[in-house]
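First listed ligand is number 1; within each ligand, the first listed atom is number 1. Computed from a predicted model, the values in this text were never measured in an experiment.
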Amino acid sequence: MSTKGSSQKRGLLIVGSADVKRALSMSDCIEAVDKAMHALSSGGADVPLRTVMKLPGGRNFFGVMPGYLAEPRGLGTKIITIFPDNAQLGLSSHVGLVLLFDSEIGFPLAVMDAGEVTAIRTAAASAVATRALARHDASHLAILGTGEQAITHLEAISKVRTLRTVRVWGRSPDKAAAFAKEHGSRLGLKVEVAATAEAAVSGADIVCTVTSSREPILNGAWLQKGAHVNLVGASQLVSREADDDVVALSRFFVDSRVSARAEAGELKHAMDAGLVSDSHVLGEIGEVLNGKVVGRTGNHDITVYKSLGVAAQDMAAARIIYDRAVRDGIGTTVPFFGH
Ligand code: NDP
């Protein structure tokens, strides 16, 4: 065998969903996503706008999200399908693969379950935004939605603020009750079920909208002064979880300006209604973290973080998973190159 051949002998690490959970703690992911969002807003990441293909029927999507991140070091792509009706079959609505490459020699390093990575890194990003934008004494959380993102958001927000009350609302009272029982006790939090979204949001300091709704489920009139809102669920121009008041009333921040212009339905609707202009986006969360843009100016501001999800977050999470998996023998390495 040639020298080149033997030095090319490399394996490919496969990390399934249970192993992603073992390798990626929420606390570690929050810190990694914090660094990634810094990098995204200061030239340390390259994240082209994702390609999202609508599948026949118009309900389902196939998305490809490439990204490069200098620190934590990551190069690769997420390939994900979004089948919202899967939940009715007891299946995840977001499934796919994260492919991590070595950014020095270009070789693929690992293939990981994208659904679990997405669930954790999205909530970690909301936690980073909440840490930066919510009042320091924010302690009442409302979660609208009871799916996978609701589960990870409950944990993530509890990592960055001391929660005294948590209220959850879902369009299915049974699912909301099951959510409150299972995840409240798992995390040692008292989670109450609210009969309406308005009742959940009333008096809340932090609101997370994590539904697949295409129409507003959150009204600005319900928000108390000083609240912070993470708008997470809508990721197309034709969908929005919050009404125009939520946008117009708030100091409005995004994960990526490029993504927000192309994909933020709440922003587009408020702009089309003539209530706000492009300059309503005060900055990326990375600019707040970098100190280039002021986040909250006082206890009465309502702040909004519009999350669309960027590959820099996936790469940051994938790097942790890969390093931890190699260190602790998590996952399965298959002979791949040169074998
Ligand atoms: P799930 O399918 O696990 O949960 C979806 C939730 O939305 C369920 O509680 C569902 O209720 C609820 N829902 C669906 N339609 C409506 C409606 N019309 N009105 C009120 N509630 C509704 O999805 P995930 O938790 O994984 O994702 C939630 C949303 O977040 C999705 O839209 C997804 O695309 C988005 N997302 C955003 C990311 C980002 O980076 N910003 C990343 C990943 C996901 P029920 O159970 O009754 O159907």
Residue selection (non-hydrogen contact nearest [atom]) among [options]:
| atom | options | value |
| --- | --- | --- |
| atom 7 (O) of ligand 1 | P173, A176, S212 | S212 |
| atom 3 (O) of ligand 1 | R121, H94, E148 | E148 |
| atom 4 (O) of ligand 1 | S259, G147, A197 | G147 |

Need the ligand 1 atom indices (1-based, order shown) with element for anything under 4.0 Å from a heavy-atom of [X].
| X | answer |
| --- | --- |
| L308 | 39 (C), 40 (O), 41 (N) |
| S93 | 1 (P), 2 (O), 23 (O), 26 (O) |
| S307 | 39 (C), 40 (O), 41 (N) |
| T118 | 42 (C), 43 (C) |
| Q149 | 24 (P), 25 (O), 26 (O), 27 (O), 42 (C), 43 (C), 44 (C) |

Would you mind checking which non-hydrogen protein atom is closest to [atom], with the distance to 0.1 Å?
| atom | result |
| --- | --- |
| atom 46 (O) of ligand 1 | K175 NZ, 2.8 Å |
| atom 22 (C) of ligand 1 | R171 NE, 3.6 Å |
| atom 32 (O) of ligand 1 | G233 O, 2.7 Å |
| atom 19 (N) of ligand 1 | S213 CB, 3.6 Å |
| atom 28 (C) of ligand 1 | V210 O, 3.6 Å |
| atom 39 (C) of ligand 1 | T122 CG2, 3.5 Å |

Ligand 1-proximal atoms of [X], by part, heavy-atom distance under 4.0 Å:
| X | answer |
| --- | --- |
| T146 | both |
| T211 | both |
| E215 | neither |

Aromatic ring proximity F101/F107, centre distance under 6.0 Å: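 That pair fails the under 6.0 Å test.
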R121/D314 under side chain to side chain contact (heavy atoms under 4.5 Å, CB included): CA gap, chis, key distance, verdict: CA-CA 7 Å; R121 69 69 152 148; D314 298 306; 2.8 Å; yes
More than 12 heavy atoms from other groups under 6.0 Å of CZ on R164: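 Count not over threshold, so no.
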Any side-chain donor near an acceptor of the partner, [X] and [Y], under 3.5 Å:
| X | Y | value |
| --- | --- | --- |
| T303 | R296 | yes |
| T118 | H94 | no |
| S277 | S279 | yes |
| H153 | N230 | no |

N or O pair under 3.5 Å between V232 and ligand 1: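 Between V232 and ligand 1, an N or O pair is found under 3.5 Å apart.
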I217 N/O under 3.5 Å from ligand 1 N/O: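 I217 vs ligand 1: no N/O contact under 3.5 Å.
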Single-linkage hydrophobic cluster, 4.5 Å side-chain cutoff, Y305 and I120 together: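 The answer is yes; both residues are in one hydrophobic cluster.
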V128 to D34 - nearest heavy-atom pair and separation: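 What the structure gives for the nearest pair is CG2-N, 3.7 Å.
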Nearest atoms (heavy-atom pairs only) where V168 meets G145: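 Residues V168 and G145, closest heavy atoms: CG2-O, 3.6 Å.
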Salt bridge (Lys or Arg N to Asp or Glu O under 4.0 Å) evaluation trace for E263 with R50: CA-CA 10 Å; E263 298 173 338; R50 61 189 159 203; 2.9 Å; yes
Candidate pair T211 and E241, rule side-chain hydrogen bond (donor to acceptor under 3.5 Å, both in side chains), full reasoning: CA-CA 8 Å; T211 73; E241 289 183 292; 2.8 Å; yes
